[in-house]
Amino acid sequence: YAQGDIVDGKGDKGQIGGDTFRDYVRKARMDKNVKAIVFRVNSGGGSGLASENIWRELTIARKDKPVILSFGDYAASGGYYIACNADSIFAEPNTLTGSIGVFTIVPNLQNFFKNKLGITFDGVKTADHADAMSVTKPMSEIERRFIQNDIDSFYQTFLKRVADGRKMSVAAVDSIAQGRVWMGEKALSLGLVDKLGNIQDAIDCAARMASLKEYKLKEYPEPQNLLDLIFGNYKKVARVNAIREELGSEGLLMYNELKSLKESMGIMQARLPFRMVVN
């Protein structure tokens with residue numbers, strides 16, 4: 001079960017850590033008792049590098065056993081990236097998917113620091129563009145080109161991954177990509193998913209592909225016992241409650257958005273360029 005933002009490293013609870021989920025897939029791939037892998041995605045994406053790492057591990061696993069993807073409420077951008085090379089992809093009719101696109105965030109906070117805080121910056125560097133990703137100055141035109149070239153290159157890689165996995169041409173993928181999002185039913189007609197169905201449908205498909213009449217499930221992340229659940233989340237719950245008490249519910253939402261933005265700065269992002277909030 002992969003739910004939340006895709007982030008580099010191990011990630012926290014509620015995030016899809018690139019290293020953590022790569023290891024989950026590798027563990028399932030190397031376990032001879034595991035005959036098929038069903039990967040459930042509920043994510044709007046995140047780190048491009050972490051998405052690539054999970055994609056690669058799923059691609060390797062597919063050589064040994066069936067890999068079936070099941071989409072939840074949304075599996076977009078990086079959430080779709082990790083799924084595109086599966087043997088079969090199941091989406092709900094109202095799943096938000098696609099968003100095949102890439103961006104990065106490098107804010108210029110020079111005037112904020114100077115005008116609001118009275119802080120200016122200077123420094124010594126060993127090369128002309130050593131501080132190209134700094135948030136304390138505007139980028140030069142050549143630095144913008146450096147970053148744009150990286151984005152364009154990663155976008156082409158994204159298109160190629162989808163084209164190879166979905167047996168489409170790069171031009172055909174690009175015509176439905178460029179960051180656009182689709183509902184599950186439309187994604188089916190566009191060839192981005194194979195079938196409409198829930199996670200049980202995906203499990204049934206995996207059992208058929210593995211020629212299994214009887215089977216049991218092993219889940220990752222492994223379910224926690226009650227004590228681990230209580231004490232493992234105690235600090236996080238206490239911190240969230242303290243922030244909510246100090247800032248209110250809207251302030252907590254803004255805090256989480258700023259935290260997510262901070263984690264995204266300067267990192268190639270394959271994610272939805274917006275966040276859905278259902279009231």
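Residue numbers count from 1 along this sequence.
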What do you reckon, is NZ of K125 surrounded by more than 12 foreign heavy atoms closer than 6.0 Å? yes
Suppose we screen for ring-ring contact (aromatic ring centres under 6.0 Å, His included). Which residues come up paired with F39, at least two apart in sequence or across chains? none
Would you kindly confirm whether F90 and I37 end up in one hydrophobic cluster when ILVMFWY residues are joined by side chain heavy atoms under 4.5 Å apart? no
Non-hydrogen atoms of G11 and V7 that approach each other most closely: CA-CG2, 3.7 Å
Does any N or O in the side chain of N42 come within less than 3.5 Å of the main-chain N or O of Y74, such that one atom is a donor and the other an acceptor? yes
Verify salt bridge (charged side-chain N to carboxylate O under 4.0 Å, His left out) between D164 and K160, making sure each step is shown before the conclusion. CA-CA 6 Å; D164 291 345; K160 187 69 165 55; 2.8 Å; yes
Less than 3.5 Å apart, which donor and acceptor atoms pair up between the side chains of residues 106-123 and the rest of the protein, not counting sequence neighbours?
unit_1: N108; atom_1: OD1; unit_2: Q110; atom_2: N; d: 3.2
unit_1: N115; atom_1: ND2; unit_2: N111; atom_2: O; d: 3.3

Within the side chain of D87, is there an N or O that forms a donor-acceptor pair under 3.5 Å with the backbone of V67? yes
Could you measure the distance from the CD atom of E52 to the CD1 atom of I54? Nearest 0.5 Å is fine. 10.5 Å
About how many Å separate NZ of K216 and CD of E214, when rounded to the nearest 0.5 Å? 12.0 Å
Please report the interatomic distance OG(S51) to CZ(R56), rounded to the nearest 0.5 Å. 15.0 Å
Tell me, with the steps shown, if E57 and R22 meet salt bridge (charged side-chain N to carboxylate O under 4.0 Å, His left out). CA-CA 6 Å; E57 200 62 43; R22 178 199 60 200; 5.2 Å; no
Between N149 (side chain) and R145 (backbone), is there a donor-acceptor pair under 3.5 Å? yes
Should T104 and D150 count as side-chain neighbours, where that means a heavy-atom distance under 4.5 Å? no
For T97 and A75, work out which heavy atoms get closest and say how close. OG1-O, 2.7 Å
Side chain proximity check, S99 to Y80, heavy atoms < 4.5 angstrom: no
Going by distance alone, is a donor N or O of one side chain under 3.5 Å from an acceptor N or O of the other, for Q156 and D152? no
Answer whether the closest heavy-atom distance between the side chains of L159 and I100 falls below 4.5 Å. yes
Flag the pair Q15 / Q3 as yes when at least one side-chain heavy-atom distance between them is below 4.5 Å, and no otherwise. no
Surrounding NZ of K137 (heavy atoms of other residues, nucleotides or ligands, distance under 6.0 Å), is the total greater than 12? yes
Ring centres under 6.0 Å, that's the criterion: do Y155 and F158 meet it? no
If you take all heavy atoms of S77 and G44, which pair is closest and at what distance? CB-O, 3.9 Å
Is there a donor in the side chain of T136 and an acceptor in the side chain of S134, or the other way round, less than 3.5 Å apart? yes
Please output the side-chain donor-acceptor pairs of residues 179-204 that fall under 3.5 Å, not counting sequence neighbours, one pair per line with the distance.
unit_1: R180; atom_1: NE; unit_2: A177; atom_2: O; d: 3.1
unit_1: R180; atom_1: NH2; unit_2: S175; atom_2: O; d: 2.4
unit_1: W182; atom_1: NE1; unit_2: I176; atom_2: O; d: 3.1
unit_1: S189; atom_1: OG; unit_2: K186; atom_2: O; d: 2.7
unit_1: D194; atom_1: OD1; unit_2: R166; atom_2: NH2; d: 2.9
unit_1: D194; atom_1: OD2; unit_2: I89; atom_2: N; d: 2.9
unit_1: D194; atom_1: OD2; unit_2: R166; atom_2: NH1; d: 3.1
unit_1: N198; atom_1: OD1; unit_2: Q200; atom_2: N; d: 3.1
unit_1: N198; atom_1: OD1; unit_2: D201; atom_2: N; d: 3.0
unit_1: Q200; atom_1: NE2; unit_2: D204; atom_2: OD1; d: 3.0
unit_1: D201; atom_1: OD2; unit_2: N198; atom_2: N; d: 2.9

What are the two closest heavy atoms between Y1 and E219, and how far apart are they? OH-OE2, 3.7 Å
Is there a path of hydrophobic side-chain contacts, each under 4.5 Å between heavy atoms of I/L/V/M/F/W/Y residues, joining M168 to I82? yes
So CD1 of I6 and CD of Q269: to nearest 0.5 Å the spacing works out to 10.0 Å
Inter-residue atom distance D5.CG - S43.OG, 0.5 Å rounding: 6.5 Å
Looking at T157 and S153, would you say the former's side chain and the latter's main chain have a donor-acceptor pair under 3.5 Å? yes
Side-chain donor-acceptor pair present, N85, R62, cut-off under 3.5 Å: yes
So which atom in L212 and which in K35 form the shortest heavy-atom distance, rounded to 0.1 Å? CD1-CB, 3.8 Å
Nearest non-hydrogen partners of R29 and K65, listed with the distance: O-NZ, 3.0 Å
Verify same cluster id: I105, F146 (apolar side-chain graph, 4.5 Å): no
Applying a strict under-4.5 Å side-chain criterion to I, L, V, M, F, W and Y, I'd like to know whether F71 and F21 cluster together. yes
Could you measure the distance from the CG atom of L58 to the CG atom of N53? Nearest 0.5 Å is fine. 11.0 Å
Taking it one step at a time, do D73 and T95 satisfy side chain to side chain contact (heavy atoms under 4.5 Å, CB included)? CA-CA 5 Å; D73 294 334; T95 295; over 6 Å; no
Check for me, please, whether I68 and Y81 land in the same ILVMFWY cluster - side-chain distances under 4.5 Å, paths through other members count. no
